[in-house]
There are 2 protein chains.
Amino acid sequence: MTQATIRDVARRAAVSVASVSRALNGAANVHPDTRARVIAAADALGYVPHAGARSLSLARSHAIGVVLPDLHGEFFSEIIRGLDREASARGYHLLLSNIQDGRDHVIQALRAVRGRVDGLVVMAPHVDPAALAAMLPGSLPKVMINTPASKGGSTLRVDNRGGAEAITRHLLDIGRRHIVHIAGPANNSDARERYEGFKAALPQRADVHVLEGDFTEPSGAAAIAELLARKVPFDAVFAANDMMALGALQALREAGRRIPEDVALAGFDDVPLARYLSLTTIRVHMADIGTRAAARLIASVEAKDEEPTDELIVPALIVRGTTVREP
Amino acid sequence: MTQATIRDVARRAAVSVASVSRALNGAANVHPDTRARVIAAADALGYVPHAGARSLSLARSHAIGVVLPDLHGEFFSEIIRGLDREASARGYHLLLSNIQDGRDHVIQALRAVRGRVDGLVVMAPHVDPAALAAMLPGSLPKVMINTPASKGGSTLRVDNRGGAEAITRHLLDIGRRHIVHIAGPANNSDARERYEGFKAALPQRADVHVLEGDFTEPSGAAAIAELLARKVPFDAVFAANDMMALGALQALREAGRRIPEDVALAGFDDVPLARYLSLTTIRVHMADIGTRAAARLIASVEAKDEEPTDELIVPALIVRGTTVREP
DNA sequence: TGCCCCTCTGTAATCGGTTACGTAGATCCG
DNA sequence: CGGATCTACGTAACCGATTACAGAGGGGCA
């Protein structure tokens, strides 16, 4: 049995489709008896309005598109959680559209959601800003998270630079002088900003070692392996994200280095794992960012005149056992 | 500037909308020159087809609805990750619709997606099976994960009972005799099945203590606090999920119990955290379940004649440091 | 030349809703 | 009692695509 349509309901209630629509959507000009008949007919037929058709004629879908690089890592799950929390509280749904590397996928992802969503949350720190700006639809409200391109959309950015400076200063404060940085991919804007913050916090003539990882745990371990192989002396490691820090942590322990006595270790993000493993880090609180992004987006969807806003989120330094021996 | 429609493209290319549609969708009967003109016009106008309108006339949305209890915990993130991976590989999108407790929310969530998705993945271990069956749309293909109600849909179930038996036997094998179970909520079917497996593995006259938690970390800690307060003697704890096990782990350590010497501890799920904290558990591999669910659903969306299938996934026992001292 | 067939294109119906507009009937008022 | 006003409802256009059907034009063949 196929789903009943509004016309089926109209026929059964012996009224026009207009009256059904009015009755079911609570319009004022409907006689109580008519409304009752319509509701009875709808119930009897198990009528559920076709959301797709509805959004076509209303030009509103009550859905927001979420375009993320991929869904790996706790990082993105947290954003989605935050987005979903706010969206569903406000009666919106989330349409996920993840993108692999490569510009084509971004285009595909963006094309696929047109006419299905009322707005877009985009996070693509690894995509060239100019290219991204060119392919974003101009007509939809959007919120960009940690993504340089703005062009008429609101932005939400984490102060990566400031966070990296803070954590680097912390390492200096506890007396470390040979600090190694495990950076993220060079084409990732978060990675670049964190690297800049790191450099900015160091004294002029500090001796600096920087290795490039790819934000995954194994690449953190690999970086440590390389340092050890090259016999680079170091007493602190600042990894550009927590997952690489965790990889480094494992590798250091296996190499017999004591944490934090021999080597102090810090990450970035404060993924849920970090607390359990007592990792010093910068708390980014992605769920909160997701919540704010959704709130911001829905606000501009519902009030067309809203000005785009730019919000800079200053993350907090969380000192734990990998830099300071805990009580 | 509002988005161009197919009519705008048709006007600019001086052809009919039918030709535009044919040209852009690669139909056979289009003259090469016409196709070229249409593509040029579409590019010039930045035309992107309206997916909503498209799915209305095609009666296919290339989206699958995901109805989950809520998005808390790593557990659900993992499922979504798996779903998304498979779905996007096959050209589908995910529409998230999370549900709070209460039947009304389930109804709302299900109504909201009608006409927007080609199929449904439902996971609602806490909803009364009969009620759920009654409100599920009969017309859509669906896959239920760990959810009793079937009624024409495929199911994917984790062998909770078998897993719980295996882990309980493991605790017995390492010589523990005073095993405490921290159960999940009684209205949750996963929780009930795990509890049954636990009971089934125990010898007839074992002395059993069972406390009820709510699958959250604090409730695991609270359970331990209660046991200690009541001075119940125990040498092993089996928590119905990993998060409660982690809460228990913290509480036990704070109480000065050595793990695993004084108390062996086991969880269920193998969330990513478990490996880091060396928690013995049952690997459920939710991402894999998500992948299979999506694959199964898409198969039945694309071939209407598919028979529903029922798959039972047997999870593996993962022995780690909280039950057996590691090398 | 006449007829058929094939290729290409356009017209208009359709998907399932919403809603502007028009109208029938009741009520009110001078 | 006639006209204005209001309430309740139906007709049909519309949202933006797809596609069945029909028709125009050209080529091949008897």
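Note that this is a predicted model, so its numbers are computed, not measured. In what follows, chains carry the letters A, B, and so on, assigned in the order in which the sequence lines appear, proteins first and then strands, with residues in each chain numbered from 1.
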Check your understanding: Which part of the nucleic acid, if any, lies within contact of A18(A), taking any heavy atom under 4.0 Å across all strands shown: a base, the sugar-phosphate backbone alone, or nothing?
Key ->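 Base contact - A18(A) has a heavy atom under 4.0 Å of at least one base atom.
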Practice item. Give one of base, sugar-phosphate or nothing for S21(A), where a contact means two heavy atoms less than 4.0 Å apart. Key: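 Base, at least one base atom sits under 4.0 Å.
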Nearest whole angstrom, please: distance from the [atom2] of [N] to the [atom1] of [X].
X: L56(A); N: dC14(D); atom1: CG; atom2: P; answer: 14 Å
X: R116(A); N: dG16(D); atom1: CZ; atom2: P; answer: 16 Å
X: D33(A); N: dT7(D); atom1: CG; atom2: C1'; answer: 14 Å
X: I6(A); N: dT11(D); atom1: CD1; atom2: P; answer: 14 Å
X: H50(A); N: dA17(D); atom1: NE2; atom2: P; answer: 16 Å
X: R60(A); N: dG16(C); atom1: CZ; atom2: P; answer: 23 Å
X: N29(B); N: dT18(D); atom1: CG; atom2: C1'; answer: 15 Å
X: L58(B); N: dC15(C); atom1: CG; atom2: P; answer: 13 Å

Looking at [options], which one has an atom nearest to any side-chain atom of [X]?
X: T34(B); options: dC8(C), dA17(D), dC15(D); value: dC8(C)
X: R54(A); options: dT9(C), dG16(D), dT18(C); value: dT18(C)
X: H31(A); options: dT9(C), dA8(D), dC15(C); value: dA8(D)
X: R22(A); options: dG10(D), dT19(D), dG16(D); value: dG10(D)
X: V17(A); options: dA12(D), dG16(C), dT9(C); value: dA12(D)
X: T5(B); options: dG17(C), dA17(D), dT9(C); value: dA17(D)

Should [X] be listed as having a side-chain N or O under 4.0 Å from OP1 or OP2 of [N]?
X: R114(B); N: dG17(C); result: yes
X: N25(B); N: dT18(D); result: yes
X: S57(A); N: dC15(D); result: no
X: S19(B); N: dT9(C); result: no

**Study point:** Interatomic distance, D288(A) atom CG to I79(A) atom CD1 [nearest 0.5 angstrom]
**Key:**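 Taking CG in D288(A) and CD1 in I79(A), the distance rounds to 11.0 Å.
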Practice item. Indicate, yes or no, whether a donor-acceptor pair under 3.5 Å links the base of dG17(C) to the side chain of R7(A). Key: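 Counting by modelled atom types and ignoring angles, a donor-acceptor contact under 3.5 Å is found here.
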Practice item. Please determine which of V67(B), L94(B), V301(B), L95(B) meets the side chain to side chain contact (heavy atoms under 4.5 Å, CB included) test together with V117(B). Key: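 Of V67(B), L94(B), V301(B), L95(B), side chain to side chain contact (heavy atoms under 4.5 Å, CB included) with V117(B) is met by L95(B) alone.
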Point to revise | Heavy-atom closest pair, residues S61(B) and S55(B) | key: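 Answer, listing the atom of S61(B) first, then S55(B): CA-CB, 3.6 Å.
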Check your understanding: Do R292(A) and E311(A) sit within salt-bridge range, that is, some charged N less than 4.0 Å from a carboxylate O?
Key ->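 A salt bridge is present here (some side-chain N lies under 4.0 Å from a carboxylate O).
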Review point. Taking side chain as C-beta onward, heavy atoms only, is E302(A) less than 4.5 Å from R60(A)?
Key: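 Yes, close enough: below the 4.5 Å cut-off.
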Point to revise | N146(A) and L156(A), any side-chain heavy atoms less than 4.5 Å apart | key: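 Contact flag for L156(A)/N146(A) side chains = no.
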